[in-house]
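Report on one structure; see the data block that follows.
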Amino acid sequence: MSYFLSIGVFIDGGYYAKINRALKARERSIIRVKALFSYLCSEIALQEGVDVTTCQITEAHYFRGRFRVREAYDKHLLYNERKFEDTLIENDVVFHYKHLREVERPDGQTEVIEKGVDVWFALEAYELATFRKFDYVVLITGDADHEMLVRKLKALKIHTVLLTWNLTDVDATSALLSDEAAQHWELSEKTDSNPELRRRLLYRLREPAVTQLGDNF
């Protein structure tokens, strides 16, 4: 009888994009999705004391707000979005999008509104965890709004890992969220102490990041 550990991965797209923007600004690099997934499996295998081949990401989902096609075209975002979607498809990641809205504030500034994505993230993660019976759920987010999701996953007796990569003080992970998770893996700490891991996880851009991929990759 074959046995393997089932891993579900849920990515907060806004948070993930924030990490990539900071990495591009600092060192003209972005995260390799395939390498990140391999790292998750190897770390879980190590702590479970099993062969890495028995740890499988059986589902991976990405949630993000995005502009309608005309707005994306006007903002020169279509190439960036399609290029990133190719990366998600190549790694069997299912993407979930809701449209963004732009509203003009009383002070004349334009504000981008993202409605419902966090709720969708939580509902989908909980529903899939219920039906798929994951052994591990990895949440790539730092948003305090997901505290109750982690608490509900714990009630299902699912080992929940919070994966973050804080590159600025502004993006510090919510303490409430971190405390609820069974484990919190902070990649800035792990990569600072392990240069080889950093090289493995990051893809070095050949051209200046701003011109090649833009701010929304």
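In this chain, residues are counted from 1 in sequence order. None of the values given here were measured: they were computed from a predicted structure.
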Salt bridge (charged side-chain N to carboxylate O under 4.0 Å, His left out) between Arg199 and Glu196, intermediate numbers included: CA-CA 5 Å; Arg199 284 192 292 271; Glu196 176 55 34; 3.0 Å; yes
Cluster check Val138, Val93: I/L/V/M/F/W/Y, side chain < 4.5 angstrom: yes
Thr141 side chain to Asp143 backbone, donor-acceptor under 3.5 Å: yes
Distance-only side-chain donor-acceptor flag, His146 / Glu180, under 3.5 Å: no
Side chain proximity check, Leu149 to Phe121, heavy atoms < 4.5 angstrom: yes
Donor-acceptor under 3.5 Å (Thr54 side chain, Val50 main chain): no
ring-ring contact (aromatic ring centres under 6.0 Å, His included) assessment of Tyr97 paired with Phe95: CA-CA 7 Å; Tyr97 294 121; Phe95 36 91; 5.5 Å; yes
Worked check of side chain to side chain contact (heavy atoms under 4.5 Å, CB included) between Lys18 and Tyr16: CA-CA 5 Å; Lys18 201 180 296 182; Tyr16 188 91; over 6 Å; no
Path from Leu201 to Ile140 over hydrophobic side-chain contacts below 4.5 Å: yes
In one Ile/Leu/Val/Met/Phe/Trp/Tyr side-chain cluster, 4.5 Å: Ile57, Ile89: yes
Cluster link Val33 to Phe63, ILVMFWY, side chain under 4.5 Å: no
Test item: Glu127 and Leu123 side chains (from C-beta on) under 4.5 Å apart, heavy atoms: no
Polar side-chain atom of Arg32 near backbone of Leu202 as donor-acceptor pair, under 3.5 Å: yes
For the student: nearest non-hydrogen atoms of Ala181 and Leu162, plus distance: CB-CB, 3.9 Å
Ser6 backbone acceptor or donor facing Asp135 side chain under 3.5 Å: yes
Intermediate values then yes/no, side-chain hydrogen bond (donor to acceptor under 3.5 Å, both in side chains), Glu85 and Tyr62: CA-CA 10 Å; Glu85 286 173 4; Tyr62 175 91; over 6 Å; no
Exam field: side chain Tyr136 to backbone Cys55, donor-acceptor pair closer than 3.5 Å: no
Carboxylate-amine/guanidinium proximity below 4.0 Å for Arg64 and Asp12: no
Rounded distance (nearest 0.5 Å) linking atom CG of Asn80 with atom CZ of Arg82: 13.0 Å
Asn166 side chain to Ser188 backbone, donor-acceptor under 3.5 Å: no
Any donor-acceptor pair under 3.5 Å from Thr160 side chain to Ile158 backbone: yes
Residue pair Lys75, Glu71: steps toward the salt bridge (charged side-chain N to carboxylate O under 4.0 Å, His left out) verdict: CA-CA 6 Å; Lys75 296 175 185 295; Glu71 295 167 318; over 6 Å; no
Single-linkage hydrophobic cluster, 4.5 Å side-chain cutoff, Val117 and Leu88 together: no
Test item: Arg200 side-chain N/O and Leu36 main-chain N/O as donor-acceptor pair under 3.5 Å: no
Heavy-atom pair with the smallest gap, counting every atom of Glu81 and Ala72: OE1-CB, 4.1 Å
Nearest non-hydrogen partners of Thr130 and Tyr126, listed with the distance: OG1-O, 2.8 Å
Sole residue of Val161, Leu163, Thr164 in side chain to side chain contact (heavy atoms under 4.5 Å, CB included) with His184: Thr164
